[in-house]
Amino acid sequence: MLFKAVSFLLLLSLSKLVWAKNGYVEISCYPDLLEVGAEELIAGLESGAWTSVDLTKAYIARIEESNPVLHAVTEINPDALTIAATLDAERANGTIRSALHGIPMLIKNNIATMDQMNNTAGSYSLIGAKVPRDATVAAKLREAGIVLLGKSNLSQWANFRSSNSSNGWSAYGGQVTGAYYPDMDPSGSSSGSGVGSSIGLAFASLGTETDGSILSPSSANNLVGIKPSVGLTSRSLVIPISEHQDTVGPMARSVTDAAYVLSIIAGKDPNDNYTSAQPFDTPPDYTQALNFSSLRGARIGIPRNGLTFDETSQPVSDAFDAAIQVLKSAGATIVDNANFSAWNQYVADANAPIGNSTIVLDADFVSNLANYLAELTSNPNNIYSLADESNFTHTFSLEQYPQRDTGVWDQSLSLGYNNSDYRFWQAYQYTSYFGGEGGVLGALKTYNLDALILPTDYSPGLPAAAGLPVVTVPMGFYPTNSTVLKSRNWGLVEIGPNIPFGLSFMGSKWSEETLIGFAYAFEQRTNIRERVQPYFVPNTQLADVIGK
Ligand SMILES: *[C@@H]1O[C@H](CO)[C@@H](O)[C@H](O)[C@H]1NC(C)=O
Ligand SMILES: *[C@@H]1O[C@H](CO)[C@@H](O)[C@H](O)[C@H]1NC(C)=O
Ligand SMILES: *[C@@H]1O[C@H](CO)[C@@H](O)[C@H](O)[C@H]1NC(C)=O
Ligand SMILES: *[C@@H]1O[C@H](CO)[C@@H](O)[C@H](O)[C@H]1NC(C)=O
Ligand SMILES: *[C@@H]1O[C@H](CO)[C@@H](O)[C@H](O)[C@H]1NC(C)=O
Ligand SMILES: *[C@@H]1O[C@H](CO)[C@@H](O)[C@H](O)[C@H]1NC(C)=O
Ligand SMILES: *[C@@H]1O[C@H](CO)[C@@H](O)[C@H](O)[C@H]1NC(C)=O
Ligand SMILES: *[C@@H]1O[C@H](CO)[C@@H](O)[C@H](O)[C@H]1NC(C)=O
Ligand SMILES: *[C@@H]1O[C@H](CO)[C@@H](O)[C@H](O)[C@H]1NC(C)=O
Ligand SMILES: *[C@@H]1O[C@H](CO)[C@@H](O)[C@H](O)[C@H]1NC(C)=O
Ligand SMILES: CC(=O)N[C@H]1CO[C@H](CO)[C@@H](O)[C@@H]1O
């Protein structure tokens with residue numbers, strides 16, 4: 001009886017699509033670009049329902065519609081339509097470069113490409129600078145037939161410049177705001193990548209993370225974000241903060257989409273020796289980890305001492321409790337109070353005027369920035385060091401100095417050493433301990449766990465210090481009666497009705513397959529993303545560009 005009722009409903013809705021307009025197939029049944037996933041996009045390219053050029057045109061129109069309000073994209077690739085046409089011709093010819101052949105993506109404006117696009121970290125100092133080749137991750141996307149559609153705006157210098165700036169602001173790209181509430185803090189530093197994926201300005205995007213910069217904007221913008229193990233994805237020709245903590249990863253609307261992208265960008269690279277540590281010659285196909293049953297028999301820990309809820313976080317706390325029930329009913333064993341043994345050291349270090357974490361990033365930045373700049377083949381403003389960069393920023397008015405100060409750099413420069421100094425290594429030893437043995441790795445081992453979970457807001461710090469992977473997936477959003485809470489200096493809405501937040505799965509190094517499996521099993525049982533809609537959505541859809 002139930003079956004009959006269901007199939008009757010299906011027939012009804014199908015007939016609406018098929019018999020509209022005197023028997024002709026109603027062609028407005030294209031997928032909504034706000035939600036469409038990899039597999040549907042590929043199916044349409046394969047069947048000829050749309051082309052890569054159609055997708056590219058539609059996404060460019062969506063960027064142009066939304067940029068005046070949200071400022072998520074700093075530049076559109078002038079070659080995007082030509083590249084899409086080439087990829088369409090290849091497909092017609094039977095040349096399929098990868099599962100995502102012909103699909104457009106955005107990349108953060110700190111990932112260099114050897115084309116007409118600038119790579120700036122949001123600073124005017126690097127406009128017109130040229131690189132000798134694509135960043136390795138960008139080259140891998142190109143080889144896989146991804147259309148590099150444009151560059152996404154970011155917190156300038158990946159949030160490593162000022163002690164008085166806002167998430168998502170860069171001098172070059174302006175202020176990104178999130179699409180779930182007017183003037184929403186988009187989080188950062190991969191702010192434009194977050195907003196771009198959240199409202200379908202592209203299929204998905206790449207972000208980069210040193211400490212929270214993929215996870216936080218994925219959480220706030222209702223996305224799945226994968227922060228890979230340091231060394232899984234190459235950082236070559238990505239504007240750095242810290243070689244010990246930086247990593248590049250996907251920000252997408254589903255675990256499936258993120259897994260497709262990670263499978264393309266992972267892998268060894270002679271230009272980034274950290275990738276030599278990968279325990280496999282070719283990285284896994286992460287889509288093989290998309291297993292609805294993966295939580296059955298899994299042991300998942302909750303490091304309670306890493307959680308401090310206050311009255312504003314009640315919705316997060318409630319959603320976390322509900323998430324725990326979902327994990328249990330999916331067959332996981334929950335081990336509560338699987339605490340971090342060195343949590344107090346981490347907190348003391350974070351609160352110190354110049355803690356060890358600060359020293360690691362400061363000293364790495366001095367060395368790593370100079371190394372990046374040394375690779376440029378054209379450097380119009382002659383920026384070769386952090387001191388040069390600081391001078392440029394202090395004197396170029398659009399950089400908004402001194403209101404947006406250079407407090408972070410001032411501290412880096414005042415250290416007086418870089419990451420070849422013994423004091424760097426002492427600090428690094430200390431932070432890897434509290435992130436690893438005293439943090440995630442210790443808890444996994446002590447309680448014999450497969451992964452740890454925390455609300456994403458609480459998850460980035462320890463994995464960052466130890467180079468460990470984290471996957472975030474939508475967990476909930478603030479209810480419609482939430483009190484609006486704005487950031488102190490800049491008035492961006494940090495908490496407010498409908499603003500999303502995520503759940504993080506944290507694991508040991510190279511455990512991405514496990515974490516992706518868990519995130520997928522959770523996502524498929526909850527589908528939180530669908531339950532909340534952005535206030536701002538661009539109107540252009542495939543129907544508006546096909547045949548036009
Ligand atoms: C089509 O395939 C032929 C034979 O492999 C090749 O020579 C040609 O360049 C291809 N054209 C395109 C547009 O890929
Ligand atoms: C790169 O910057 C230059 C100088 O501002 C500008 O003319 C050019 O259009 C930019 N490239 C793109 C793709 O926006
Ligand atoms: C990687 O390691 C090799 C061998 O030690 C070294 O020759 C090379 O310069 C390193 N490459 C980079 C980019 O650091
Ligand atoms: C999915 O995960 C379950 C639980 O770990 C396992 O028993 C099953 O073999 C997995 N399925 C596949 C196709 O790997
Ligand atoms: C873990 O941390 C929580 C919160 O700080 C605390 O209440 C609990 O006693 C701790 N449990 C263990 C086993 O350390
Ligand atoms: C930094 O690490 C050193 C050990 O190298 C330790 O003695 C010191 O207490 C740490 N600093 C802070 C602020 O925790
Ligand atoms: C780091 O500092 C050492 C010692 O002062 C110096 O020899 C080296 O060139 C510096 N490296 C970078 C990349 O700045
Ligand atoms: C930066 O500017 C100051 C003051 O104008 C100058 O003394 C210093 O040499 C400059 N440093 C660099 C690296 O250009
Ligand atoms: C920080 O920025 C805010 C917002 O523009 C401004 O009001 C404040 O004066 C700035 N603080 C400093 C110390 O410059
Ligand atoms: C919002 O509504 C819920 C359920 O009615 C209530 O429990 C909560 O206190 C309200 N929150 C605010 C900030 O008014
Ligand atoms: C492509 C694009 O819209 N770029 C914009 C980025 O933001 C700056 C500052 O808001 C604008 O001037 C650009 O036009």
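Read the numbers this way: they start at 1 and go in the same order the structure lists the ligands and their atoms. Hydrogens, waters and symmetry mates are skipped; everything else that's a heavy atom, side chains included, is used.
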Next on the checklist: As a test of the contact definition, would atom 14 (O) of ligand 9 count as having a protein heavy-atom neighbour under 4.0 Å?
Outcome noted: yes

Next on the checklist: Geometry only, no angles: is Asn339 polar-contacting ligand 5 at N/O separations under 3.5 Å?
Outcome noted: yes

Checklist outcome for this item: Short version for Asn489: what comes under 4.0 Å of ligand 9, heavy atoms counted, is both

Checklist entry - For atom 5 (O) of ligand 6, what's the nearest protein heavy atom and its distance? => result Gln426 O, 3.8 Å

Next on the checklist: I need the minimum non-hydrogen distance between Val360 and Gln245, along with the two atoms involved.
Outcome noted: CG1-OE1, 4.3 Å

Checklist entry - Which protein non-hydrogen atom lies closest to atom 6 (C) of ligand 6, naming both residue and atom, and how far is it? => result Tyr430 CE1, 4.1 Å

Next on the checklist: Among all protein heavy atoms in this structure, tell me which lies nearest to atom 7 (O) of ligand 5, with the distance rounded to 0.1 Å.
Outcome noted: Asn337 OD1, 4.5 Å

Item to check | Reference residue Ser187; test side chain to side chain contact (heavy atoms under 4.5 Å, CB included); the match among Ser219, Ser218, Ser216 | outcome: Ser216

Item to check | Per-atom contacts of ligand 6 with Ala352, taking only distances under 4.0 Å to non-hydrogen atoms | outcome: 13 (C)

Next on the checklist: Using salt bridge (Lys or Arg N to Asp or Glu O under 4.0 Å), reason through Lys227 and Glu512 one step at a time and then give a plain yes or no.
Outcome noted: CA-CA 9 Å; Lys227 182 253 174 175; Glu512 282 80 359; over 6 Å; no

Checklist outcome for this item: The closest protein heavy-atom partner of atom 8 (C) of ligand 6 is Asn356 ND2, 3.9 Å

Checklist entry - Are Trp343 and Tyr346 near enough that their ring centres are under 6.0 Å apart? => result yes

Checklist outcome for this item: Checking Val471, Leu515, Thr247, Val473 against Ile226 for side chain to side chain contact (heavy atoms under 4.5 Å, CB included), the one that qualifies is Val471

Item to check | Best match, Asn305, Asp336, Leu307: closest heavy atom to atom 4 (C) of ligand 5 | outcome: Asn305

Next on the checklist: Quick check on atom 11 (N) of ligand 9 - does any protein heavy atom sit closer than 4.0 Å to it?
Outcome noted: yes

Item to check | Other residues, nucleotides, ligands: >12 heavy atoms within 6.0 Å of Glu375 CD | outcome: yes

Checklist entry - Does an N or O from Asn164, backbone or side chain, lie closer than 3.5 Å to an N or O of ligand 9? => result yes

Item to check | Validation row, ring centre Phe501 to ring centre Tyr478 under 6.0 Å | outcome: yes

Item to check | Asp364, Asp246, Asp272 screened by salt bridge (charged side-chain N to carboxylate O under 4.0 Å, His left out) with Arg235, the one that passes | outcome: Asp272

